[in-house]
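Reading through the structure tokens given below for one structure.
Numbering of residues begins at 1 and proceeds along the displayed sequence.
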Amino acid sequence: MTRARKEAAQGTTSVRFFESRDAVEVLDTLHTRSVNYQADGREITPENGWTVESDRTALPSESPGEPVPGGPWEIARGLIERYEFADPSIIRAVYHPEHALQDRDMLLEGRFYGLRFLIGVRIVGVVDTLREVDGRAVRSWGWCYRTLEGHLERGEMTFQVRKWLDTGDVEFRIDRYFMRGPMPNPVIRLGWAVFGHWMQVRFVRRSLRRMTDLVTAELRRRGATG
């Protein structure tokens, strides 16, 4: 029995955010799975069959310069690291928080009209940069995952918080590229063709809204207690 299963049996599992035996068991098999696509040297473009999208939302701003301790950028960073910006009514995550963020496996549980999907992803890159965009210095932090074998889609999704150091503006953005994966089941294939992209857009919009609400609420809480 794995450590995760032993802890689950004892009621002390370190797996976040929901705890079910089958989810923990699937999580512990993800290391055997590979990323389910190869770009084969081709550019990730719509012309090559990929859907490429990017969305962002403004968060409360802070003073210009490097991120302020306890400020909006730092709060958003913690929410991204713990995947807490995701609306749990749409998708939840199982992972071992004691594992390093880089190469961490995550099991996502998606729910849609009573259907439950357990899908595996792997964090393949951590963003922690100070760079220039259009001549402006930007501090960015986040991470991206790629889909594993068994996922209904192929692709990558990146979540990051950015701060423009000249103005103090802070934003949360979600960048992604994807295409539909192999679906032998004709019912699932039809359902995903009709609702798959709509579900992803719904997830992104809810995530952007929830991030704004959580950061604002935490700032109010800290102000009230400070």
Side-chain angles (χ1 to χ4, degrees), residues 14-18 52-110 121-134 136-146 155-178 200-226:
S14 62
V15 176
R16 306 280 291 277
F17 286 120
F18 66 95
V52 182
E53 297 177 338
S54 179
D55 290 275
R56 69 189 72 185
T57 189
L59 299 178
S61 61
E62 54 186 53
S63 301
E66 288 290 335
V68 176
W73 189 93
E74 188 176 89
I75 294 170
R77 170 178 170 158
L79 293 169
I80 294 173
E81 184 169 8
R82 299 186 299 272
Y83 201 68
E84 290 182 7
F85 58 84
D87 186 339
S89 69
I90 298 176
I91 197 162
R92 302 186 183 190
V94 178
Y95 61 90
H96 292 288
E98 70 273 17
H99 291 181
L101 195 58
Q102 179 69 43
D103 298 323
R104 176 187 292 173
D105 291 330
M106 297 176 60
L107 183 69
L108 305 181
E109 180 200 42
V121 300
R122 178 169 298 133
I123 296 176
V124 296
V126 178
V127 178
D128 187 4
T129 64
L130 174 62
R131 61 193 182 97
E132 284 195 2
V133 177
D134 297 328
R136 302 173 63 195
V138 180
R139 172 67 72 183
S140 302
W141 192 92
W143 49 264
C144 61
Y145 68 60
R146 288 182 180 169
E156 178 177 299
M157 188 170 288
T158 301
F159 311 98
Q160 61 179 303
V161 57
R162 288 183 169 186
K163 179 180 180 180
W164 304 87
L165 303 192
D166 57 347
T167 62
D169 292 337
V170 180
E171 67 178 25
F172 172 51
R173 61 182 291 150
I174 301 176
D175 301 286
R176 58 207 179 277
Y177 63 82
F178 58 92
Q200 189 175 95
V201 170
R202 181 168 174 253
F203 161 75
V204 169
R205 290 177 177 173
R206 289 283 187 91
S207 295
L208 296 176
R209 187 182 313 129
R210 179 175 165 85
M211 175 65 87
T212 303
D213 291 344
L214 290 175
V215 170
T216 301
E218 180 61 16
L219 288 171
R220 288 175 178 168
R221 187 192 70 81
R222 295 183 181 189
T225 59

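Residues E109 and V94 form no side-chain contact, since every pair of their non-hydrogen atoms from C-beta on lies 4.5 Å or further apart. Looking only at side-chain heavy atoms (C-beta outward), P72 and L219 come within less than 4.5 Å of each other. At a threshold of 4.5 Å between non-hydrogen side-chain atoms, the residues E156 and R146 count as touching. L165 is listed as a side-chain neighbour of L130, based on a closest heavy-atom distance under 4.5 Å. Between V127 and C144, the closest side-chain pair of non-hydrogen atoms is not below 4.5 Å. V204 places a side-chain heavy atom less than 4.5 Å from the side chain of R176.
Without hydrogens or angle criteria, R222 side chain to G70 main chain gives a donor-acceptor distance under 3.5 Å. With R104 contributing its side chain and I123 its backbone, the two residues share no donor-acceptor pair below 3.5 Å. Remark: side-chain polar atoms of Y95 are not paired, donor with acceptor, to backbone N or O of L101 under 3.5 angstrom. Under a 3.5 Å cut-off, the side chain of R210 and the backbone N or O of R206 do not form any donor-acceptor pair. For T129 (side chain) and R131 (main-chain N/O), no donor-acceptor pair under 3.5 Å exists by modelled atom type. Within the 3.5 Å criterion, the main-chain N or O of R56 finds no donor-acceptor partner in the side chain of E171. Using a distance-only test at 3.5 Å, with no hydrogens or angles considered, a donor-acceptor pair links the side chain of Q102 to the main chain of V124. Counting only distance, with no hydrogens or angles, the side chain of K163 and the backbone of A137 share no donor-acceptor pair below 3.5 Å. In this structure a side-chain-to-backbone donor-acceptor pair under 3.5 Å is missing from R162 to S140.
Atoms CZ and CG, on F172 and L214 in that order, are 10.5 Å from each other to the nearest 0.5 Å. Separating the CH2 atom in W143 from the OG1 atom in T158 is a distance of 9.5 Å, to the nearest 0.5 Å. The distance from the OG atom of S207 to the CD1 atom of I90 is 7.0 Å, given to the nearest 0.5 Å. From R205, atom CZ reaches atom OG1 of T57 across 12.5 Å, with rounding to the nearest 0.5 Å. Rounding to the nearest 0.5 angstrom, the gap separating the CD atom in Q160 from the CZ atom in R173 is 6.0 Å. Here the straight-line distance linking atom CH2 of W164 with atom CH2 of W73 works out to 14.5 Å at 0.5 Å rounding.
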Note to self: Please evaluate residues R139 and D128 with respect to the criterion side-chain contact (heavy atoms from CB on, under 4.5 Å), reporting the C-alpha separation (whole Å), side-chain torsions for both, the decisive distance (0.1 Å), and the verdict.
What the structure shows: CA-CA 8 Å; R139 172 67 72 183; D128 187 4; 4.3 Å; yes
Check: Can W141 and E81 be said to form a side-chain contact (heavy atoms from CB on, under 4.5 Å), step by step?
Finding: CA-CA 9 Å; W141 192 92; E81 184 169 8; 3.7 Å; yes
Next item on the list: Apply the test side-chain contact (heavy atoms from CB on, under 4.5 Å) to residues L79 and F159: give CA-CA distance (whole Å), side-chain angles for both, the deciding distance (0.1 Å), then the verdict.
Entry: CA-CA 10 Å; L79 293 169; F159 311 98; over 6 Å; no
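The shortest non-hydrogen separation linking I80 to G142 is CG2-CA, 4.3 Å. Here the shortest heavy-atom pairing between T212 and T216 reads O-OG1, 2.8 Å. The two residues E74 and V68 have their closest heavy-atom pair at CB-O, 4.1 Å. The minimum heavy-atom distance linking A86 with I91 is given by the pair CB-CG2, 3.9 Å.
For D166, the salt bridge (Lys or Arg N to Asp or Glu O under 4.0 Å) partners at least two apart in sequence or on another chain are R136.
Between E218 and R221, at least one side-chain nitrogen of the basic residue sits less than 4.0 Å from a carboxylate oxygen of the acidic one, meeting the salt-bridge criterion.
Between the side chains of S54 and D175, at least one donor-acceptor pair of N or O atoms lies under 3.5 Å.
With M211 as reference, V215 is the one residue of L208, V215, D213 to meet the side chain to side chain contact (heavy atoms under 4.5 Å, CB included) rule.
A tilted orientation is assigned to the rings of H99 and H96, their planes being inclined by 30° to 60°.
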